[in-house]
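Since the structure comes first, as structure tokens, the remarks are kept for the end.
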Amino acid sequence: MKKDILSMYPEELRTEIKELGQPGFRADQITDWLSKGVRSFEQMKNLPKDLKNTMIDKYHIYEPKVLEKKTSADGTIKYLWELYDGNAVETVIMRYRYGNTVCVSSQVGCRQGCAFCASTIGGLVRDLNASEILDEVVFSQKESGLKISNIVMMGIGEPLDNFDNVVRFLRLVNDPGGINIGMRHITISTCGIIERFADLASLGYPVTLSLSLHAPDDETRSKIMPSNRSRGVDRILDECIRFYEATGRRISFEYAMIKNVNDSDEQAYLLADTAKKAHAHINLIPLNYVSERDLRPSDPSTIKRFKDILEGRGVNVTVRRKLGNDVDASCGQLRRRHITSEH
Ligand code: SAH
């Protein structure tokens with residue numbers, strides 16, 4: 001098995017290069033090429049031929065290929081990348097006034113089974129390596145020519161179900177010699193894998209944790225999010241409070257508004273209490289319609305009423321602008337269509 005070189009920390013590579021009997025500066029040269037987006041040892045011009053050959057034998061390196069690129073009228077760009085084994089994942093660049101945000105996938109598929117989500121329809125295929133998540137950022141930036149300043153882990157997959165690779169990705173993308181994006185500019189979104197909250201808090205990284213809540217009551221939440229059945233809203237809320245107390249970082253709640261499912265006045269009141277207990281900010285998102293799913297977005301007037309109730313109770317709320325609607329921006333939709341068209 002060849003080792004995945006881009007997933008290694010620079011100091012790990014240095015140790016291995018020295019073990020190969022090479023001077024340490026060779027590792028710095030390789031790291032430099034990698035951080036420039038070079039993904040072939042052949043192209044690392046300042047390495048001696050024999051070292052290039054050793055590297056080719058011992059290490060895996062790969063350049064993701066663009067299978068599809070779609071640009072929306074609002075500037076949102078969506079990429080479908082082909083990975084080394086033929087699998088595909090998507091990445092979205094969203095253009096906000098405060099900078100460009102990239103939304104990355106963390107797994108090929110997903111095993112969480114949320115009823116409204118396209119990413120989980122075919123289940124989990126495999127985890128992404130740290131290098132593959134990193135290259136979603138590197139190559140989105142390189143291909144689009146846009147400088148990325150923020151990262152949200154809200155693409156395909158459940159980041160906390162691929163914890164070790166995600167942590168490695170965070171350290172790599174934060175490396176001053178590489179992409180160098182500050183932890184404060186990174187958001188990790190989860191459906192509520194609370195078993196990992198303490199591990200994440202203990203890293204001491206000032207990232208933002210975002211909880212995909214989508215319903216404040218167990219009956220509704222367990223219906224649309226199977227991961228809730230063994231955990232429950234109360235326990236998840238307790239862990240959110242613990243995370244906030246341990247890190248001082250406010251959690252945000254994602255709430256996709258689904259017609260006649262989670263948009264009643266009673267649910268707004270309950271959600272307000274829940275958010276206040278957890279010191280959370282709420283992002284309301286009109287559900288993105290996914291053709292395989294029999295769920296519809298709430299009406300604009302319902303969303304407005306829901307928002308007013310929350311604000312009336314002193315909760316911090318934003319209604320997300322819908323970006324990239326014309327390019328299937330909801331996570332998993334491009335990959336889904338790609339897989340379906342192959343069969
Ligand atoms: N597994 C992680 C991250 C991936 S999903 C999580 O659950 O948070 C990123 C966000 O998009 C989540 O809040 C998810 O619930 C939401 N989402 C998925 N499908 C959606 C849809 N059709 N419309 C609106 N939001 C959706």
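Because the structure is a prediction, the values reported are computed rather than measured. Just so you know, residue 1 is the first one in the sequence shown, and it goes up from there. Just so you know, ligand 1 is whichever comes first in the structure, and atom 1 is the first atom listed for that ligand.
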Is the shortest distance from a Lys or Arg side-chain nitrogen in Glu158 or Arg196 to a carboxylate oxygen in the other one below 4.0 Å?
no
Check: Tyr255 ring centre within less than 6.0 Å of Phe306 ring centre
yes
Side chains of Ser72 and Asp74: donor-acceptor distance under 3.5 Å anywhere?
yes
For residues Ser149 and Asn100, is any side-chain donor paired with an opposing acceptor at under 3.5 Å?
no
Nearest candidate to atom 7 (O) of ligand 1, where distance is taken over non-hydrogen atoms, out of Ala118, Ala115, Cys191
Cys191
Taking only non-hydrogen atoms of Gly157 and a 4.0 Å limit, the atoms of ligand 1 in range are 1 (N), 2 (C), 3 (C), 4 (C)
Could you list which atoms of ligand 1 come closer than 4.0 Å to a heavy atom of Thr190?
6 (C), 7 (O), 8 (O)
At a non-hydrogen distance cut-off of under 4.0 Å, which region of Glu254 contacts ligand 1 (side chain, backbone, both, or neither)?
side chain
Would you say Cys103 touches ligand 1, if touching means a heavy atom closer than 4.0 Å?
no
Proximity flag Gly155 to ligand 1, non-hydrogen atoms under 4.0 Å:
yes
Between Lys36 and Asp32, does any NZ, NE, NH1 or NH2 come within less than 4.0 Å of an OD or OE carboxylate oxygen?
yes
Below 3.5 Å, can you tabulate the donor-acceptor pairs from side chains in residues 307-316 to any protein atom, sequence neighbours excluded?
unit_1	atom_1	unit_2	atom_2	d
Asp308	OD2	Lys304	NZ	2.8
Asn316	OD1	His281	ND1	3.4

With respect to atom 17 (N) of ligand 1, which of Tyr289, Phe253, Phe116 exhibits the smallest heavy-atom separation?
Phe116
If the cut-off is 4.0 Å to any non-hydrogen atom of Cys117, which atoms of ligand 1 fall inside it?
18 (C), 19 (N)
Determine, for Glu16 against Lys3, whether the closest basic-nitrogen to carboxylate-oxygen distance falls under 4.0 angstrom.
yes
In this structure, does ligand 1 have an atom that sits under 4.0 Å from one of the heavy atoms of His214?
yes
Pick one of side chain, backbone, both or neither for how Ile156 approaches ligand 1, counting any non-hydrogen atom pair under 4.0 Å.
neither
